[in-house]
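All residue numbers in this chain count up from 1 along the given sequence.
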Amino acid sequence: MTIREIKDNELNELLALYTHLHELDIPKNNEHLQKTWAAIMGDKNHHIIVCEVDGKLVSSCVCVIIPNLTRNIRPYAFIENVVTHADYRGKGCATACLNHAKELAEKADCYKMMLLTGSQSESTLNLYKQAGYNCTDKTAFIQWL
């Protein structure tokens, strides 16, 4: 198992992995997709962390470091798109990705990390709790656009 940041040429593998999250299919490779990918890859605060097993991307999460003017001008980190291929769940891959995200956040001197999930699965919620997240400190509100 290798934990690292994604490489520029691994977009298609990442999109295929996202079908194990909530995507039904892989988006069309068009100009919008390529511009979005280039923007992500060019953003020093946007990290896509992957777990590679036997040359295959099997788990990933996104960690975005957000500059901030409060908390002594310390940034915070937001975690999104935590996913593991169905065949590799329960093997520590997502935990390893989340731990790498935490290392990035600590290195950036973040004062907190936030993660939202729509899952009600006990195993998913336990994964996040065991990774050090709690669901008691804040209340999340979402407005879908």
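- More than 12 heavy atoms of other shown residues, nucleotides or ligands fall within 6.0 angstrom of atom CD1 in Ile142.
- The structure places CZ of Arg89 at 9.0 Å from OG of Ser59, a figure rounded to the nearest 0.5 Å.
- Between Leu104 and Ile49 there is a side-chain heavy-atom pair separated by less than 4.5 Å.
- Hydrophobic clustering (side-chain heavy atoms under 4.5 Å, transitive across Ile, Leu, Val, Met, Phe, Trp, Tyr) groups Met41 together with Leu17.
- Nearest heavy-atom pair across Ile3 and Cys93 is CD1-O, 4.5 Å.
- The distance from atom SG of Cys51 to atom CG of Leu57, rounded to the nearest 0.5 Å, is 9.0 Å.
- Residue Met113 holds its CE atom at 7.0 Å from CG of Leu98, rounded to the nearest 0.5 Å.
- With values rounded to the nearest 0.5 angstrom, Glu5 atom CD is found 8.5 Å from Cys63 atom SG.
- The shortest distance between side-chain heavy atoms of Leu11 and Gln34 falls below 4.5 Å.
- Inter-residue side-chain proximity for Tyr111 and Asn72 is flagged as unmet; no heavy-atom pair is nearer than 4.5 Å.
- Residues Leu116 and Trp144 share a hydrophobic cluster, clusters being chains of Ile/Leu/Val/Met/Phe/Trp/Tyr side chains in contact below 4.5 Å.
- For the pair Gln130/Thr95, no side-chain contact is recorded, criterion being any heavy-atom separation below 4.5 Å from C-beta on.
- Contact check for Val62 versus His46: side-chain heavy atoms found under the 4.5 Å cut-off.
- With respect to Lys7 and Glu52, no salt bridge is recorded, no charged nitrogen being found less than 4.0 Å from a carboxylate O.
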**OP:** Go through Thr19 and Leu24 one step at a time and tell me if the side chain to side chain contact (heavy atoms under 4.5 Å, CB included) criterion holds.
**Re:** CA-CA 6 Å; Thr19 63; Leu24 299 177; over 6 Å; no
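- At a threshold of 4.5 Å between side-chain heavy atoms, the hydrophobic network of Ile, Leu, Val, Met, Phe, Trp and Tyr places Val50 and Tyr88 in two separate groups.
- The main-chain N or O of Lys44 is found under 3.5 Å from a side-chain atom of His47 such that the two form a donor-acceptor pair.
- Residues Tyr133 and Met114 approach most closely at CE2-C, 4.5 Å, considering heavy atoms.
- The residues Glu31 and Lys35 are annotated as salt-bridged, a charged nitrogen and a carboxylate oxygen being separated by less than 4.0 angstrom.
- Between the side chain of Asn81 and the main chain of Cys61, no donor-acceptor pair closer than 3.5 Å is present.
- Residues Trp37 and Tyr18 share a single hydrophobic cluster, defined by chaining ILVMFWY side chains whose heavy atoms lie under 4.5 Å apart.
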Subject >> Test side chain to side chain contact (heavy atoms under 4.5 Å, CB included) applied to Val58 and Met1, step by step >> reply: CA-CA 9 Å; Val58 300; Met1 177 184 320; over 6 Å; no
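- Using a 4.5 Å heavy-atom cutoff, the side chains of Phe78 and Leu115 are not in contact.
- Hydrophobic cluster membership differs between Leu21 and Tyr128, with clusters built from Ile, Leu, Val, Met, Phe, Trp and Tyr side chains linked at under 4.5 angstrom.
- From Ile65, atom CD1 reaches atom SG of Cys110 across 4.0 Å, with rounding to the nearest 0.5 Å.
- Residues Val82 and Ile79 share a closest heavy-atom pair of CG2-CG2, 3.8 Å.
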Original post:
Between Ser119 and Thr117, does a side-chain hydrogen bond (donor to acceptor under 3.5 Å, both in side chains) hold up when you go through it step by step?
Top reply: CA-CA 5 Å; Ser119 176; Thr117 183; 4.6 Å; no
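- A 6.0 Å sphere centred on CZ of Arg71 holds no more than 12 heavy atoms belonging to other residues, nucleotides or ligands.
- Within 6.0 Å of CG on Asn9 lie more than 12 heavy atoms contributed by other residues, nucleotides or ligands.
- Note on ring orientation: taking the six-membered ring where Trp is involved, the planes of His85 and His20 are tilted (angle from 30° to 60°).
- Counting only heavy atoms from C-beta outward, the side chains of Leu15 and Pro27 approach each other to under 4.5 Å.
- Rounding to the nearest 0.5 Å gives a distance of 7.0 Å between CD1 of Ile26 and CG of Asn12.
- No side-chain heavy atom of Asp137 sits under 4.5 Å from any side-chain heavy atom of Lys112.
- Of the possible polar contacts, one joining the Asn126 side chain to the Glu122 backbone as a donor-acceptor pair under 3.5 Å is found.
- Across Val64, Asn68, Thr70, a single residue satisfies side chain to side chain contact (heavy atoms under 4.5 Å, CB included) together with Tyr76, and that is Asn68.
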